[in-house]
Structures are given as C-alpha cells and as structure tokens.
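Input: a single structure, listed below in structure tokens.
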There are 2 protein chains.
Amino acid sequence: MNLPPLIQSFVLHFGEMGSHWGINRTVGQIYALLYVSDKPLNADDIVEAIGCSRSNTSMALKELQAWRLVKLQHLPGDRREYFSTPEDVWAIFKTLAEERQKREVEPTLTMLRGAIMETPSGDAERHAQARMNEMYQLIELVTKWFADIRDMDVETLQKLMKLGSQVQKVLQFTQSIGRLTGRDSGKEA
Amino acid sequence: MNLPPLIQSFVLHFGEMGSHWGINRTVGQIYALLYVSDKPLNADDIVEAIGCSRSNTSMALKELQAWRLVKLQHLPGDRREYFSTPEDVWAIFKTLAEERQKREVEPTLTMLRGAIMETPSGDAERHAQARMNEMYQLIELVTKWFADIRDMDVETLQKLMKLGSQVQKVLQFTQSIGRLTGRDSGKEA
DNA sequence: TCAAACTTTCAGAAATTACTGAAAACTGGA
DNA sequence: TCCAGTTTTCAGTAATTTCTGAAAGTTTGA
C-alpha cells in the first residue's frame with residue numbers, strides 16, 4: 001500500500017470494518033479509497049494504491065457496482081474504466097439503506113410470512129409463531145418508515161434529525177390541534 | 001438439528017443472515033432458537049436442538065451475552081444455566097442499535113476525528129479530509145438522532161413511525177406557527 | 001475437602017472465504 | 001480481420017474463521 005498516512009488509515013479502517021459487516025476487506029478498502037479520491041480512478045490506480053492483485057480489484061469493483069456504490073465512467077481518449085463514488089453522502093446513505101433492504105430485509109420478511117402462515121402443531125409452535133409475528137410487525141413498521149424518510153429531501157431530513165426527540169412535543173401539540181379541529185393528524189390511530 | 005420445520009426454517013435463516021452480518025452461523029442460530037422458545041433453554045437443550053458441539057454453544061452464548069442479547073437465569077433446584085431473550089422486541093432492537101453504535105460507529109468517529117485533525121500536505125489530502133468531514137457530519141447527525149429516538153417510549157415511537165413522511169407537513173405547519181408567534185421550533189436553524 | 005455436575009478454554013482439524021496468476025474474453029481502432 | 005489494450009474468469013493456493021474433543025476450571029452440596 002502506497003498512500004499518504006492520512007488516507008491510509010481511512011482505507012485500512014474501512015477494510016477492517018468490512019469484516020464486521022460481512023464485506024470483504026478489499027471491497028471495503030477500495031470503496032474508502034474511491035470515496036476520498038479527488039478524481040476517478042482506474043483499476044491499475046487502485047492496484048497501485050491498495051497493493052492487491054488486478055483480478056481481486058476487478059472482483060471488488062463488480063461487487064461495488066452491484067451495490068450501486070460506485071459509478072463507472074470513461075475519460076475521453078482513454079479506453080480504461082474509471083470509478084468514483086457519488087458526491088453526496090446522503091445519496092450514498094440512501095443507496096446503502098435500499099440495498100440492505102432488498103438483500104437482507106425482504107428475504108427475512110418473506111421467510112417470516114411463510115412461517116406465520118403454517119399451521120402450528122402444539123403450544124411451542126404456536127408460541128414461536130407469535131414471536132415471529134412480533135418480529136414481523138416491528139421490521140415492517142421500521143422499514144416502511146425508513147422508506148418514507150428516505151424519500152424526503154435532504155433539507156427536511158436534516159431539519160427532522162436536528163429536532164431529535166423534540167419531535168414528540170410537536171406531535172403532541174399537533175395532535176391536540178387535530179382534536180380541537182376534529183381532524184386526525186396521522187395515517188392511522 | 002431436531003426441530004419442528006416451522007422453527008427450523010427460522011433458525012436456519014438467522015444462521016445464514018448472520019454470515020451477511022459478520023456474525024457466525026451458530027451464534028445466529030442460537031439466538032433465533034432462544035427468541036422463539038417459550039421457555040429458557042440450557043446449553044444441552046441448545047446442543048440437542050441445533051446439533052453443534054457443547055463447546056461451540058458455550059462460545060456462542062458468551063458472544064450473545066457480550067452483546068446483551070440474552071439473559072442468563074437459574075431455575076430453582078437446577079444448577080445449569082438457562083438462557084432466554086428479552087420479551088420486548090423493541091428493547092431488543094434498541095440493544096442491538098446501542099451495541100453496534102459502541103462497537104462500530106464510535107471507533108469510526110474516532111478515526112475520522114484523528115484524520116481530520118492532521119495537517120494535509122497537498123491538494124489530494126485536503127480533498128480527502130473534506131470528504132471525511134462530510135462523512136463525519138453525517139454519521140454524527142444520524143447517530144445523535146438515533147440516540148434521541150431510542151430513548152423515546154415505544155408508544156411515541158410507533159406513533160412517529162406510522163406518521164411516516166407526513167411528519168414533514170407537521171413540521172412545516174409547526175414552523176409557520178412558530179414564525180407567527182415568534183418562537184423557533186427546532187434546536188438549531 | 002471431595003466428588004459430581006456443569007462450564008470454559010484451547011490446540012488442532014475442518015470448512016469457508018479471500019486472493020492470486022495465468023489464460024480467456026472482450027473492445028475499438030487500423 | 002487482426003491486434004493491442006483492457007477486463008473478466010477460474011482453478012488452485014493462502015489465509016481466516018469456525019468448530020470440535022479433550023482437558024482444565026468452577027461451583028455446590030455432602
């Protein structure tokens with residue numbers, strides 16, 4: 001690896017983090033490198049910077065593309081492929097959330113639905129189904145909500161987050177207004 | 001493995017999911033088993049149900065305890081240790097969020113702070129620092145917000161989530177009220 | 001203090017995952 | 001069409017992680 005220490009520690013950290021996240025080290029490192037780079041990089045730039053093999057780089061880039069985390073572009077008069085990350089950190093965050101939703105949450109919900117549908121034979125299975133249903137409800141609520149806020153514009157989202165738990169007060173306030181004017185402030189009860 | 005199909009598919013699914021999450025298969029399986037079980041289980045019950053070795057079970061339970069995801073208890077007149085998961089799925093969710101925060105987010109923030117403090121030598125490093133700073137700001141905002149909502153009571157949290165993106169309207173509404181009465185509705189601009 | 005009932009540790013085996021180099025497969029001009 | 005430049009595939013190897021059995025450790029009650 002041949003990088004300024006500042007960038008190297010960032011790249012190495014993301015490599016390590018990858019392991020804790022089921023992402024292989026090289027993929028993490030390459031993503032980190034592209035994230036901080038001030039220009040798009042080609043595969044050989046990456047090999048040079050990270051110190052891994054050309055084929056490993058190719059695999060890792062394919063993985064990152066499958067996650068929609070890197071953009072592929074061509075530079076005029078250069079046949080090589082150049083890679084970069086989106087500028088907007090919020091967009092990156094949203095992409096990550098969407099992909100994890102698709103790859104991990106959806107299959108889990110499908111499995112849970114299947115299990116909840118089965119006819120239980122005995123108390124143990126009845127209890128298990130009830131537990132699975134609790135989990136199902138929680139995941140569905142949280143992911144619907146995530147999808148909702150994911151589609152907000154960044155401005156509103158930041159405003160909401162900065163408001164933090166004070167949003168409670170706003171809600172209570174609005175609900176009393178709702179009661180006064182006879183309108184319901186939420187989708188459901 | 002010796003379990004009703006209903007429960008077995010749940011247990012196996014969590015084993016697989018574990019891999020995508022940097023958690024080993026046995027740990028995932030044992031957690032799933034305890035989650036759906038209608039009574040606390042001891043290590044031998046788990047060995048019997050999952051079909052792994054006694055020592056592996058011991059390791060996995062230690063890991064789950066470190067994550068505060070299982071409770072250890074003793075049954076009267078029985079020297080063995082019995083394990084169970086908390087009843088409340090929201091509590092589980094919160095624990096998970098807290099532990100990931102502590103293990104993954106905190107170290108990342110520390111690394112970023114360190115890198116941002118360094119004196120850059122050249123444009124590339126200056127750019128890298130700017131990018132790291134963007135990431136730092138995002139992570140800090142999101143995690144502060146998470147900490148905030150984590151501490152809400154479940155009732156309020158569910159209300160908020162069901163409201164979804166409609167919270168925007170509430171915010172806009174409240175902000176115009178704020179303007180009219182000359183008060184600011186948020187912590188910051 | 002001993003023994004029985006459990007739990008934990010740990011070194012090595014097994015399984016899985018990551019990585020490499022060489023070869024194959026593209027791709028866009030000449 | 002061919003060729004030079006480039007990317008991808010893949011079989012084998014290396015590294016890492018997981019799992020096991022045996023042994024050591026712990027705890028409780030007699």
Side-chain angles (χ1 to χ4, degrees), chain A residues 1-2 11-34 40-67 70-84 103-104, chain B residues 1-2 11-12 14-34 40-67 70-84 103:
Chain A
M1 190 165 311
N2 180 22
V11 167
L12 290 177
H13 181 89
F14 269 76
E16 296 308 316
M17 283 321 267
S19 312
H20 294 284
W21 265 76
I23 290 162
N24 96 36
R25 196 156 37 84
T26 311
V27 172
Q29 290 181 347
I30 292 181
Y31 183 76
L33 178 67
L34 291 173
L41 302 179
N42 66 43
D44 287 323
D45 295 337
I46 295 170
V47 166
E48 160 79 11
I50 305 275
C52 57
S53 74
R54 183 63 186 71
S55 53
N56 198 3
T57 302
S58 177
M59 297 288 217
L61 287 169
K62 222 171 104 186
E63 177 86 1
L64 286 169
Q65 282 177 285
W67 278 81
V70 299
K71 286 185 300 189
L72 165 63
Q73 59 196 289
H74 285 276
L75 262 51
D78 191 334
R79 273 174 56 187
R80 286 171 297 181
E81 299 181 324
Y82 283 79
F83 297 87
S84 60
R103 290 157 193 256
E104 287 147 33
Chain B
M1 191 168 308
N2 180 22
V11 167
L12 290 177
F14 269 76
E16 296 308 315
M17 284 321 267
S19 312
H20 296 284
W21 266 75
I23 290 161
N24 96 35
R25 196 157 36 84
T26 312
V27 173
Q29 291 181 347
I30 292 180
Y31 184 76
L33 178 67
L34 291 173
L41 301 178
N42 65 43
D44 287 322
D45 295 336
I46 295 170
V47 166
E48 159 78 11
I50 304 275
C52 58
S53 74
R54 183 63 186 72
S55 53
N56 197 5
T57 302
S58 177
M59 297 289 217
L61 287 169
K62 222 172 106 186
E63 177 86 1
L64 286 169
Q65 282 176 286
W67 278 81
V70 299
K71 286 184 302 188
L72 165 63
Q73 59 197 288
H74 285 276
L75 261 50
D78 190 335
R79 272 174 57 186
R80 287 171 296 181
E81 298 181 326
Y82 283 79
F83 298 89
S84 59
R103 290 157 193 255

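Since we're looking at a predicted model, the values are computed, not measured. By convention in this document, chain letters (A, B, ...) are assigned in the order of the sequence lines, proteins followed by strands, and residues within each chain are numbered from 1.
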Side chains of A/Thr57 and A/Ile50 in contact at under 4.5 Å (non-hydrogen atoms): no
Test of understanding: with salt bridge (charged side-chain N to carboxylate O under 4.0 Å, His left out), list the residues that count as partners of A/Glu16, not counting sequence neighbours. none
Minimum heavy-atom separation for B/Leu33 to B/Ala49, with atom names? CD2-CB, 3.7 Å
Can you list everything that forms a side-chain hydrogen bond (donor to acceptor under 3.5 Å, both in side chains) with A/Asn2? Sequence neighbours excluded, please. A/Glu48
Residues forming a side-chain hydrogen bond (donor to acceptor under 3.5 Å, both in side chains) with B/Ser84, sequence neighbours excluded: B/Gln73
Report the residues that fulfil side chain to side chain contact (heavy atoms under 4.5 Å, CB included) with A/Met59, sequence neighbours left out, ordered by chain and then residue number. none
Residues from residues 76-84 of chain A lying under 4.0 Å of DNA chain C - heavy atoms: A/Arg79
At a heavy-atom distance below 4.0 Å, which nucleotide of DNA chain D is the first touched by chain B, and which is the last? D/dT18 to D/dT28
The first and last nucleotides of DNA chain C lying within contact of chain B, meaning any atom under 4.0 Å from one of its heavy atoms, run from C/dA4 to C/dC10
Within-4.5 Å side-chain heavy-atom neighbours: A/Gln29 and A/Leu12: yes
Taking atom CZ of A/Arg54 and atom CD1 of A/Ile46, what is their separation to the nearest 0.5 Å? 8.5 Å
Across all chains, not counting sequence neighbours, the salt bridge (charged side-chain N to carboxylate O under 4.0 Å, His left out) partners of B/Arg79 are none
What residues from residues 19-34 of chain B pass a heavy-atom cutoff of under 4.0 Å to DNA chain C? none
How far apart are the closest heavy atoms of A/Val11 and A/Ala32, and which atoms are they? CA-CB, 3.8 Å
Across all chains, not counting sequence neighbours, the ring pair (Phe, Tyr, Trp, His ring centres under 6.0 Å) partners of B/Phe14 are B/Phe10
Can you list everything that forms a side chain to side chain contact (heavy atoms under 4.5 Å, CB included) with A/Leu64? Sequence neighbours excluded, please. A/Val27, A/Ile30, A/Tyr31, A/Leu69, A/Val70
Which parts of residues 58-65 of chain B get close to DNA chain C, meaning a heavy atom less than 4.0 angstrom away? B/Ser58, B/Met59, B/Lys62
Scanning both residues in full, the closest heavy-atom pair of A/Thr26 with A/Asn24 reads N-OD1, 2.9 Å
Whether the side chain of B/His74 engages the backbone of B/Tyr82 through a donor-acceptor N/O pair (distance < 3.5 Å, no angle test) should be reported. no
With the side chain counted from C-beta on, respond yes when A/His20 and B/Arg103 share a heavy-atom pair under 4.5 Å apart, and no when they do not. no
